[in-house]
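One structure is given here, and the rest of the page talks about it.
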Amino acid sequence: MQAETTGRRNAVPTVRGRRQHQYWLLDLYGSAIGKKAVMAVTGIVLLGFVFAHMTGNLKVYYNDDGESLNHYSEWLRDVGEPVVPHEGLLWAVRGVLAVSLLLHVHAATTLTLLNRKARPVAYKGGRKYAAADYAARTMRWSGIIVAAFLVFHLLDLTAGRANPDFVSGQPYQNLVASFEREPVAAAYIVANLLLGMHIYHGAWSLFQSLGLNHPRFNRWRRGFAALFAAAIVVGNVSIPIAVLTGVLD
Ligand code: HEM
């Protein structure tokens, strides 16, 4: 039997109706507005992670030879046991983060291509950035460099391939050993400054993408974005600096 809908949009789901609904979602993702919504929602997930990660990293400042950070890292692997297997929740969170990151990058790339298609001819005399500030203009490059940093960071402090002194289960000692290499510490500082710029513009524009845009609300939006980005940068950058200056060893 061929199932039918009533002909109205979002009619009772039938075999055909369900298919129409799927296309409707894909159609939405194909539009600039759908891509912006995906970027905003995945951006919120990634902002939440970056903030939680920064606050977790601050455990290095307990004066206990890294015991707090190492215990925290152990807890991330044990949490949920025995209801879920060892590292079960950690892998679930890793999965959500990986999907969010992939969707974020895909939406950003396809949105750029869509915009180029809409305006294939470059602006005469160079583009005028009246409303866009420096952070907004550098979103693409800051995003690409932060993504490259992330690959190095995972090889350095999670897999240990880029850290000759890496010992599994000892994140504090690994972190100190890594930041004692000055070029590596410098790379972390630069990447986190770029991440701060990316977050500043991202946190500001995600409200717009979600339709939360009102003149009275805009000052608050900018303040929130600036404060959020500054907290991430100061918290993260302080750590390689603390190692380089001998505050942490
Ligand atoms: C100076 C700043 C940073 C420090 C000191 C730091 C420190 C660490 C450490 C010690 C680990 C290993 C944790 C463990 O094995 O339990 C780790 C993992 C990780 N970091 Fe960072 N991190 C920094 C910045 C960042 C930034 C900016 C991002 C994202 C853009 C990031 C994303 C990650 C991810 C995805 C993991 C892997 C988590 C996992 O799945 O186990 N980190 N970081």
Side-chain angles (χ1 to χ4, degrees), residues 42-62 65-80 86-102 104-105 108 139 141-163 165-200 202-203 228-245 247-249:
T42 53
I44 291 172
V45 173
L46 297 169
L47 285 177
F49 165 75
V50 172
F51 189 79
H53 187 42
M54 183 276 294
T55 53
N57 287 341
L58 294 181
K59 288 184 173 41
V60 293
Y61 291 114
Y62 285 109
D65 287 330
E67 229 176 272
S68 296
L69 188 79
N70 293 353
H71 275 154
Y72 170 60
S73 166
E74 233 176 274
W75 174 83
L76 290 175
R77 284 151 177 85
D78 296 346
V79 64
H86 184 67
E87 295 196 348
L89 278 184
L90 182 64
W91 276 106
V93 172
R94 282 172 174 167
V96 171
L97 288 174
V99 170
S100 300
L101 186 64
L102 287 177
H104 196 76
V105 173
M139 280 312 263
W141 282 110
S142 55
I144 290 170
I145 295 170
V146 169
F149 156 78
L150 188 57
V151 173
F152 173 74
H153 181 47
L154 293 177
L155 289 172
D156 180 28
L157 292 180
T158 301
R161 297 280 171 96
N163 188 344
D165 298 313
F166 185 86
V167 178
S168 179
Q170 304 274 304
Y172 179 84
Q173 285 71 16
N174 296 337
L175 175 158
V176 171
S178 179
F179 296 162
E180 275 173 349
R181 302 172 294 175
E182 281 159 18
V184 173
Y188 268 82
I189 293 170
V190 171
N192 274 281
L193 288 171
L194 288 173
L195 175 70
M197 274 170 46
H198 196 88
I199 286 178
Y200 173 57
F228 197 91
I232 302 286
V233 173
V234 172
N236 276 347
V237 164
S238 74
I239 300 174
I241 291 179
V243 174
L244 286 179
T245 53
V247 173
L248 295 175
D249 59 18

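As the structure lists them, so they are numbered: ligands from 1, and atoms in each ligand from 1. When reading the values below, keep in mind they use all heavy atoms of this one structure, side chains included, and skip hydrogens, waters and symmetry mates.
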Just to be sure I read this right, does ligand 1 sit under 4.0 Å from the backbone of [X], its side chain, both, or neither, counting only heavy atoms?
X      : value
Thr158 : side chain
Phe49  : side chain
Val237 : neither
Leu154 : side chain
Leu150 : side chain

ask   = Distance only, no hydrogens: is a donor on one side chain within 3.5 Å (strictly under) of an acceptor on the other, for Asn163 and Asn174?
value =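 The answer is no; no qualifying pair exists.
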
Any side-chain donor near an acceptor of the partner, Gln173 and Asp165, under 3.5 Å =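 The answer is no; no qualifying pair exists.
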
request  = Begin with the C-alpha distance, continue with both residues' side-chain angles, and end with the deciding distance and a verdict on side chain to side chain contact (heavy atoms under 4.5 Å, CB included) for Ser73 and Arg77.
outcome  = CA-CA 7 Å; Ser73 166; Arg77 284 151 177 85; 3.1 Å; yes

message = Any heavy atom of Arg77 closer to ligand 1 than 4.0 angstrom?
response =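 Yes, that is the case, since the closest heavy atom of the residue is under 4.0 Å from the ligand.
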
For atom [atom1] of [X], is the number of surrounding heavy atoms from other residues, nucleotides or ligands below 6.0 Å larger than 12?
X      : atom1 : result
Tyr72  : OH    : yes
Asp65  : CG    : no
Tyr61  : OH    : yes
Arg161 : CZ    : no

ask   = Just to confirm, does any protein heavy atom lie below 4.0 Å from atom 13 (C) of ligand 1?
value = no

query = Protein heavy atoms: any of them under 4.0 Å from atom 31 (C) of ligand 1?
reply = yes

Under 4.0 Å from any heavy atom of [X], which atoms of ligand 1 are there?
X      : result
Ser73  : 14 (C), 15 (O), 16 (O)
Arg94  : 39 (C), 40 (O), 41 (O)
Leu195 : 27 (C)
Asn192 : 1 (C), 2 (C), 27 (C)
Phe149 : 26 (C), 27 (C)

ask   = Considering only the protein, which heavy-atom contact is closest to atom 4 (C) of ligand 1, and what is its distance?
value = Asn57 ND2, 3.3 Å

ask   = For atom 9 (C) of ligand 1, what is the nearest protein heavy atom, given as residue, atom name and distance?
value = Leu157 CD1, 3.8 Å

task = Answer yes or no: does an N/O atom from Tyr188 fall short of 3.5 Å to an N/O atom of ligand 1?
result =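 Not met; the criterion fails.
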
key: Under 3.5 Å: N/O of Asn236 near N/O of ligand 1   =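 No, Asn236 has no N/O under 3.5 Å of an N/O on ligand 1.
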
message = Below 30° counts as parallel, above 60° as perpendicular, anything between as tilted: where do the rings of His153 and His53 land?
response =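 Tilted, since the angle between the ring planes falls between 30° and 60°.
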
Note, Leu244 side chain near Phe179 side chain (heavy atom, < 4.5 Å) =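 The answer is no, as the side chains (C-beta and beyond) never meet within the 4.5 Å cut-off.
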
message = Does this structure show an ion pair linking Asp156 with Arg181, if we count only N-O contacts that are shorter than 4.0 Å?
response =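 Yes.
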
request  = Evaluate side chain to side chain contact (heavy atoms under 4.5 Å, CB included) for Leu46 paired with Leu101, printing each intermediate quantity in order.
outcome  = CA-CA 7 Å; Leu46 297 169; Leu101 186 64; 4.1 Å; yes

ask   = Given Glu87, Gln170, His153, which has its nearest heavy atom closest to atom 8 (C) of ligand 1?
value = His153

